[in-house]
Amino acid sequence: QVQLVESGGGLVQAGGSLRLSCAASGRTFSSYAMGWFRQAPGKEREFVAAISWSGGSTYYNDSVKGRFTISRDNAKNTVYLQMNSLKPDDTAVYYCAADRRTIVLVTTTSGEYWGQGTQVTVSS
């Protein structure tokens with residue numbers, strides 16, 4: 001069982017930055033690939049970024065490449081999403097997810113475990 005708690009969301013002006021954190025419980029965190037997803041009002045949940053269990057491989061949605069960086073600290077059971085050059089289109093609830101298979105996070109909107117989400121609002 002893995003429990004995920006996101007934090008770090010908020011209101012920021014366009015061009016600004018935020019860093020989201022996702023703290024995981026459980027001793028098996030390092031066995032899981034981790035991902036970030038987002039859902040804007042009236043839209044489907046979409047993949048944002050994922051990182052393999054070791055941190056050696058990362059994957060991004062084309063819309064955030066070059067602006068967002070996913071990382072993890074297995075000693076702290078935490079995954080991060082550094083978001084720079086934010087745009088109003090980035091406004092959404094951001095969720096972190098865990099799955100034993102990275103490909104599940106990258107190619108679907110599924111995941112074995114999910115957090116409750118954190119709101120990110122980017123004003124123009």
Side-chain angles (χ1 to χ4, degrees):
Q1 187 81 11
V2 176
Q3 292 184 327
L4 305 173
V5 179
E6 302 97 334
S7 61
L11 173 64
V12 64
Q13 289 188 330
S17 298
L18 283 174
R19 188 176 82 153
L20 305 183
S21 299
C22 175
S25 65
R27 293 176 292 177
T28 59
F29 173 76
S30 60
S31 300
Y32 287 84
M34 299 297 297
W36 286 97
F37 295 78
R38 66 187 180 187
Q39 187 166 19
K43 295 187 177 181
E44 295 185 351
R45 185 172 297 183
E46 68 171 355
F47 166 76
V48 175
I51 188 166
S52 62
W53 65 270
S54 67
S57 298
T58 56
Y59 308 85
Y60 297 94
N61 185 309
D62 285 346
S63 66
V64 306
K65 278 182 182 177
R67 301 189 298 123
F68 290 12
T69 302
I70 189 170
S71 62
R72 66 189 296 161
D73 185 337
N74 286 344
K76 295 183 178 180
N77 280 13
T78 302
V79 62
Y80 305 98
L81 185 69
Q82 177 66 44
M83 305 187 295
N84 298 329
S85 302
L86 283 161
K87 305 175 181 179
D89 283 350
D90 295 319
T91 295
V93 177
Y94 283 70
Y95 300 88
C96 71
D99 199 281
R100 292 191 183 273
R101 296 179 297 165
T102 310
I103 192 170
V104 170
L105 298 174
V106 175
T107 60
T108 76
T109 55
S110 301
E112 191 169 355
Y113 300 104
W114 289 84
Q116 83 289 349
T118 186
Q119 177 70 47
V120 171
T121 303
V122 184
S123 64
S124 58

Closest non-hydrogen atom pair, [X] against [Y]:
X	Y	answer
Gln82	Ser17	NE2-CB, 4.0 Å
Thr102	Ser52	OG1-CA, 3.8 Å
Ala14	Pro88	CB-CD, 4.1 Å
Gly117	Val93	CA-CG1, 3.9 Å
Asn77	Ser25	ND2-C, 4.5 Å

Drop me the distance from [X]'s [atom1] to [Y]'s [atom2], to the nearest 0.5 angstrom.
X	Y	atom1	atom2	answer
Lys87	Ser124	NZ	OG	14.0 Å
Ser31	Trp53	OG	CH2	8.0 Å
Ser110	Asp99	OG	CG	8.0 Å

Pairs meeting criterion disulfide (SG to SG under 2.5 Å) with involvement of residues 31-116, two or more places apart: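 Only Cys22-Cys96 qualify under disulfide (SG to SG under 2.5 Å).
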
Taking side chain to side chain contact (heavy atoms under 4.5 Å, CB included) as the definition, give me every residue that meets it alongside Ala23, ordered by chain and number, with sequence neighbours left out.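 Counting only residues at least two positions away or on another chain, Ala23 forms a side chain to side chain contact (heavy atoms under 4.5 Å, CB included) with Thr78.
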
Linking I/L/V/M/F/W/Y whenever their side-chain heavy atoms sit closer than 4.5 Å, directly or via other members, would Tyr95 and Val104 fall into one cluster?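 Per the 4.5 Å side-chain linkage, Tyr95 and Val104 are not co-clustered.
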
Is it true that, when you exclude [X] itself, more than 12 heavy atoms of the residues, nucleotides or ligands shown sit nearer than 6.0 Å to its [atom1]?
X	atom1	value
Ile103	CD1	no
Gln116	CD	yes
Arg67	CZ	yes

Pairing residues for Glu46 by the side chain to side chain donor-acceptor pair (under 3.5 Å) criterion, not counting sequence neighbours: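 Partners of Glu46 under the side chain to side chain donor-acceptor pair (under 3.5 Å) test: Arg38.
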
Test of understanding: with side chain to side chain donor-acceptor pair (under 3.5 Å), list the residues that count as partners of Asn74, not counting sequence neighbours. Arg72

Residues in ring-ring contact (aromatic ring centres under 6.0 Å, His included) with Trp114, at least two apart?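 Trp114: ring-ring contact (aromatic ring centres under 6.0 Å, His included) contacts with Phe37.
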
State, yes or no, whether a side-chain contact exists between Tyr59 and Leu105 at a heavy-atom distance under 4.5 Å. no

Looking at side-chain heavy atoms only, is the closest gap between Thr91 and Gln119 below 4.5 Å?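 Yes; the side chains approach each other to less than 4.5 Å.
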
Which ILVMFWY residues are connected to Tyr60, directly or by a chain of links, through side-chain heavy atoms under 4.5 Å apart?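 The other cluster members (ILVMFWY side chains, heavy atoms under 4.5 Å, direct or chained) are Val2, Leu4, Val12, Leu18, Leu20, Phe29, Tyr32, Met34, Trp36, Val48, Ile51, Val64, Phe68, Ile70, Val79, Leu81, Met83, Leu86, Tyr94, Tyr113, Val120, Val122.
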
Carboxylate-amine/guanidinium contact Lys65 Asp62, below 4.0 Å: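 Here Lys65 pairs with Asp62 in a salt bridge, since their nearest N and O are under 4.0 Å apart.
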
